[in-house]
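Here's the structure, in structure tokens; my notes come after.
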Amino acid sequence: MKWLFMVFVVLYALALFLLAVGTFGWFGQEQDPLSGVFLMPLGLPWNILGDRLGLGGPLLAILSPAINAAILYWLWKR
């Protein structure tokens, strides 16, 4: 379970980095409104539940994968 948690955290960090690059135009990249698309599958189902509760927005997309990371960490340490 440790390797699954580590892979998830690396993918989460990479998706956050790509969001920052696309949002702020780092490294000569054009600003792209779809730069956060890689966070969406990592945050399922929490981003869908939050959207249905009216909590949609960039903060929900950024923090939803953290819930899954916390669950994986709990399963690893259990």
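In what follows, residues are counted from 1 in the order of the sequence shown. None of the values given here were measured: they were computed from a predicted structure.
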Same apolar cluster: V9 and I67, side chain cutoff 4.5 Å: yes
Tell me which donor-acceptor pairs under 3.5 Å the side chains of residues 50-66 have, and how far apart each pair is, sequence neighbours excluded?
from	atom 1	to	atom 2	distance (Å)
S64	OG	L60	O	2.6

Linked, directly or transitively: M6 and F8 (ILVMFWY side chains, under 4.5 Å): yes
Would you tabulate the side-chain donor-acceptor contacts of residues 68-78 under 3.5 Å, counting partners in other chains and residues two or more places apart, or write 'none'?
from	atom 1	to	atom 2	distance (Å)
N68	OD1	W46	NE1	2.6
N68	ND2	L42	O	2.8
N68	ND2	L44	O	2.9

Selection residues 3-22 - residue pairs positive for side chain to side chain donor-acceptor pair (under 3.5 Å), sequence neighbours left out: none
Per-pair distances, 0.1 Å, donor-acceptor, side chain in residues 16-32, under 3.5 Å, sequence neighbours excluded:
from	atom 1	to	atom 2	distance (Å)
T23	OG1	L19	O	2.6
Q31	NE2	T23	O	3.4
D32	OD1	L34	N	3.3

